[in-house]
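See below for the structure under consideration.
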Amino acid sequence: FGSYSIQVTNAGPGNAKSPITMVDNLPNGLTYDSFTSPFTTNWSCGASGQQVTCVYIGQEIAPGGVLPALIIKVKIGPISQFPASAAGPPEVVNCAEVENPGDVKPANNRSCGTTVITSS
């Protein structure tokens with residue numbers, strides 16, 4: 001198993017009203033298992049295939065404000081499912097995107113991270 005910790009910040013200029021949706025299209029070889037949000041019960045998540053969709057329903061988030069952390073737990077397939085990277089061990093790039101109907105700056109709604117896959 002592995003996990004991704006996702007932190008959503010409102011870059012402004014206005015308040016972000018709920019619902020706020022986070023979509024994470026998991027790379028091949030990773031499968032959604034579960035989620036947790038240790039500091040709130042305002043997140044709910046589910047998955048369809050590789051696409052994980054989480055919705056936050058709670059208070060408005062002011063510019064500069066941060067939503068409570070969201071942790072997505074994933075199952076990792078056999079190491080043979082991951083191609084080797086140029087640097088050595090296999091890597092995957094996982095990207096999450098936030099959607100909010102009142103967002104006036106959608107260009108800053110996506111963030112990606114690289115994960116090195118190692119056998120246990």
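Because only heavy atoms are used, hydrogens play no part in the values below, and waters and symmetry mates are left out as well, while side chains stay in. Here, residue 1 is the first one in the sequence, and each next residue gets the next number.
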message: As an exercise, state the distance from CE of M22 to CG of N109, rounded to the nearest 0.5 Å.
response: 12.5 Å
- prompt: Hey, what do you get for CD1 (I57) to OG1 (T21), rounding to the nearest 0.5 Å?
  reply: 8.5 Å
message: Main chain of K17, side chain of N100: is a donor-acceptor contact present, judged purely on distance under 3.5 Å?
response: yes
query: Can you find a heavy atom in the side chain of I72 that is under 4.5 Å from one in the side chain of C45?
result: yes
Test item: E97 side-chain N/O and R110 main-chain N/O as donor-acceptor pair under 3.5 Å: no
field: Closest contact, heavy atoms only, G64 versus T9
entry: O-CG2, 4.2 Å
- prompt: Is a donor on one side and an acceptor on the other found under 3.5 Å between the side chain of S18 and the backbone of G58?
  reply: yes
message: If you compare all heavy atoms of V74 against all heavy atoms of S3, which two are closest, and at what distance to 0.1 Å?
response: CG2-N, 4.4 Å
field: Side chain to side chain, D33 and T31, heavy atoms closer than 4.5 Å
entry: no
- prompt: Within a strict 4.5 Å, meaning less than it, do heavy atoms of the F82 and P27 side chains meet?
  reply: no
task: Would you indicate whether the side-chain heavy atoms of I61 and V66 approach each other to under 4.5 Å?
output: no
Non-hydrogen atoms of P63 and G12 that approach each other most closely: CB-CA, 3.9 Å
- request: Verify, without hydrogens or angle tests, whether S37 (side chain) and A69 (backbone) share a donor-acceptor contact under 3.5 angstrom.
  value: yes
query: Going through the distances and angles, do Q51 and V23 end up as a side chain to side chain contact (heavy atoms under 4.5 Å, CB included)?
result: CA-CA 7 Å; Q51 183 173 305; V23 177; 3.7 Å; yes
Q59 CD to T40 OG1 distance, which is reported to the nearest 0.5 Å: 9.0 Å
message: Taking CD in Q7 as the centre, count heavy atoms belonging to other residues, nucleotides or ligands within less than 6.0 Å. Is the count above 12?
response: yes
- request: With rounding to the nearest 0.5 Å, note down the distance linking CG in N10 to CG in L67.
  value: 8.5 Å
- request: Answer whether the closest heavy-atom distance between the side chains of V98 and I20 falls below 4.5 Å.
  value: yes
- prompt: So do L26 and Q50 actually touch side chain to side chain, heavy atoms under 4.5 Å?
  reply: yes
task: Group every Ile, Leu, Val, Met, Phe, Trp and Tyr by side-chain heavy-atom contacts under 4.5 Å, then state whether I79 and V92 land in the same group.
output: yes
message: If you define the side chain from C-beta out and look only at heavy atoms, does anything of Y4 sit under 4.5 Å from L30?
response: yes
Nearest-0.5 Å distance that lies between atom CZ in F35 and atom NZ in K73: 13.5 Å
query: Within a strict 4.5 Å, meaning less than it, do heavy atoms of the W43 and I6 side chains meet?
result: no
- prompt: Please walk me through it: do V93 and C95 pass side chain to side chain contact (heavy atoms under 4.5 Å, CB included)?
  reply: CA-CA 7 Å; V93 176; C95 298; 4.0 Å; yes
statement: The reported gap from CG in N94 to SG in C112 (rounded to nearest 0.5 angstrom) is 7.5 Å
